[in-house]
Every structure is written in C-alpha cells, then in structure tokens.
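Below is one structure, written out as structure tokens; comments come after it.
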Amino acid sequence: MVGRAVSEFGRVDFLVNNAGISGFIDARMCDMDESLFDRLVATNIKGVWLGMKHAIPVMIGQGGGIIVNVASTLGLVGQRLSGPYAATKHAVIGLTKTAAIEYGLDGIRINAICPGGIETPIAERFKATFSDEDWRQRNATAYPATGRFGQAGEIASVAMFLCSDAASNIHGTAIVADGGYTAQ
C-alpha cells in the first residue's frame with residue numbers, strides 16, 4: 001500500500017489506519033475461540049503496526065507526515081463480552097502514544113480516534129438482533145448525548161481535522177467521538 005502510494009504520488013503525507021475486525025461474541029472471554037483471538041490481534045494490532053512500520057520511514061525521508069490510527073471507545077474502557085477486542089484497541093492507543101513520542105521530532109504527527117458505535121453493515125447485523133424499541137432504549141442509555149450510533153462521515157471529519165494544520169500541536173492523543181458513551 002505504501003509502496004504503491006509512493007510510486008503513484010511520489011510521497012505519503014497521510015496514513016489513516018482504519019482496518020479492523022469486530023470481536024463481539026455471545027460468550028465471555030475464556031469461552032472465545034483462540035482462532036478469533038489470533039485474527040483480532042493480527043488485524044487490529046499488527047495491521048496498525050505494519051501500516052506505521054512502512055509509512056514512517058517514507059515520511060521521515062520526505063520531512064514529515066501525519067498518521068491517524070482508528071482505535072475505539074473500547075480502547076479506553078472495558079465492556080462485557082468484548083475483552084480481546086478491547087485489548088486490541090487499548091494496544092492501538094499504546095502504539096499511537098509510543099510512536100508519537102518516537103517520531104514527533106522527525107516531523108510525524110501521530111494520533112488516534114476512538115469512535116463509539118458507528119452505523120456500518122456490521123452494526124446493522126447487530127441491530128437486527130433487537131426489536132426497534134429495545135434498540136432505541138439501548139442507544140438512549142449507551143449514547144446519552146445523542147441517543148444514536150454515529151455516522152462514518154462524523155469520524156472521517158475528525159480524521160480530516162487531525163490531518164489538518166489546525167491540529168498541529170496535537171501529538172499522541174486519542175480523540176473520542178462516541179456520542180457521550182465514555183462520558184458516563
């Protein structure tokens with residue numbers, strides 16, 4: 001990915017690490033299948049690390065760049081039936097903070113976004129397990145400031161802000177965009 005960007009555009013100014021898989025299961029942590037755990041780690045942690053591993057040297061060579069890693073509110077708090085997923089998102093925040101310290105003086109700004117629930121096809125499958133009223137009540141409790149899941153465009157706007165000069169002094173932080181989920 002990084003090599004292709006360099007060959008097509010000559011440089012990599014921004015990297016948004018937004019690949020990830022869900023680890024929500026209907027079982028407690030010790031009942032989770034080990035192969036799912038391994039997939040979570042390989043995608044949610046190693047994928048972010050690999051993106052940074054390959055983009056950072058290019059960014060150093062060109063005099064700087066910006067990386068935004070997508071974590072989750074579950075990188076900040078725990079939640080029943082999602083322990084391994086939450087662990088991977090905690091790790092994304094740890095990688096973000098460490099990389100920001102290691103590469104800030106090289107002109108690379110690295111931050112994370114912690115979205116709450118976002119309306120995606122995965123969320124639609126989850127929503128289908130509730131009645132309309134149960135879904136409304138769940139969201140009113142889980143997202144007290146908005147009563148709803150977020151929209152992908154709302155998270156994209158945060159990423160664009162972090163990639164802009166307006167965020168020039170923001171390094172190694174995790175910006176929460178979660179409809180009030182973690183404010184409780």
Side-chain angles (χ1 to χ4, degrees), residues 1-9 11-62 64-118 120-123 125-126 150 152 155-156 158-159 162-163 170-178 182:
M1 165 189 71
V2 171
R4 183 173 178 185
V6 170
S7 76
E8 288 191 30
F9 304 108
R11 55 188 294 120
V12 175
D13 294 305
F14 310 104
L15 169 66
V16 177
N17 269 324
N18 190 34
I21 60 172
S22 176
F24 299 100
I25 56 172
D26 290 325
R28 294 186 300 172
M29 185 171 38
C30 293
D31 299 325
M32 178 185 233
D33 183 73
E34 186 175 350
S35 66
L36 177 56
F37 180 88
D38 291 342
R39 280 185 38 227
L40 283 165
V41 170
T43 304
N44 296 0
I45 300 173
K46 190 174 182 182
V48 168
W49 172 75
L50 284 170
M52 290 194 297
K53 176 182 175 52
H54 293 285
I56 287 171
V58 170
M59 290 177 173
I60 289 171
Q62 67 193 26
I66 298 166
I67 297 174
V68 177
N69 295 320
V70 180
S72 168
T73 54
L74 295 188
L76 303 167
V77 300
Q79 180 176 288
R80 209 172 181 328
L81 306 180
S82 60
Y85 174 82
T88 66
K89 295 306 184 170
H90 275 77
V92 168
I93 293 170
L95 286 170
T96 299
K97 290 176 178 291
T98 300
I101 292 167
E102 290 179 351
Y103 297 102
L105 293 176
D106 293 304
I108 302 171
R109 190 160 22 100
I110 306 171
N111 291 290
I113 301 172
C114 296
I118 301 298
T120 64
I122 292 171
R125 289 192 297 273
F126 179 58
I155 304 308
V158 176
L162 288 172
C163 290
I170 301 176
H171 292 265
T173 195
I175 304 287
V176 179
D178 69 353
T182 57

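Scope of the values below: all heavy atoms of this structure, side chains included, with no hydrogens, waters or symmetry mates. Note that the structure is a prediction, hence the values are computed from the model and not measured.
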Shortest non-hydrogen contact from S82 to Q79? OG-O, 2.7 Å
Considering non-hydrogen atoms only, spot the tightest contact between L162 and R109 and give its length. O-NH1, 2.6 Å
Heavy-atom count around E8 CD within 6.0 Å, excluding the residue itself: above 12? yes
F126 and S22, any side-chain heavy atoms less than 4.5 Å apart: no
What's the shortest heavy-atom distance between V68 and A159, and which atoms? CG2-O, 4.3 Å
Side chain to side chain, T98 and M52, heavy atoms closer than 4.5 Å: no
Could you grab the distance from atom NZ of K46 to atom CG of L95, nearest 0.5 Å is fine? 13.0 Å
Ignoring hydrogens, what is the shortest heavy-atom contact between C114 and A174? Give both atom names and the distance. SG-CB, 3.7 Å
Under the side chain to side chain donor-acceptor pair (under 3.5 Å) rule, what do T73 and D178 come out as? Steps first, then yes or no, please. CA-CA 7 Å; T73 54; D178 69 353; 5.2 Å; no
Can you measure from CH2 (W49) to CG (N69) and round to the nearest 0.5 angstrom? 13.5 Å
At their closest point, which heavy atom of V58 faces which heavy atom of H54, and how far apart are they? CG2-O, 3.8 Å
Are any non-hydrogen side-chain atoms of R28 and L81 less than 4.5 angstrom apart? yes
Can you measure from NE2 (H171) to CD1 (I66) and round to the nearest 0.5 angstrom? 9.0 Å
Do L74 and V77 come within less than 4.5 Å of each other through their side chains, counting heavy atoms only? yes
Measure the spacing between CD1 of I118 and CD1 of I155 and express it to the nearest 0.5 Å. 4.0 Å
Starting at CG of N17, measure out to CD1 of I67 and round the result to the nearest 0.5 Å. 7.0 Å
Check: L40 and I21 side chains under 4.5 Å, non-hydrogen atoms: yes
Residues at least two apart in sequence or cross-chain that pass ring-ring contact (aromatic ring centres under 6.0 Å, His included) with F14, listed by chain then number, are none
Quick check: closest heavy atoms across I93 and L76, and the distance to 0.1 Å? CD1-CD2, 3.7 Å
Less than 4.5 Å apart, side chain to side chain, heavy atoms only: is that true for I175 and N111? no
Mind checking whether E102 and I56 have side chains closer than 4.5 Å, heavy atoms only? no
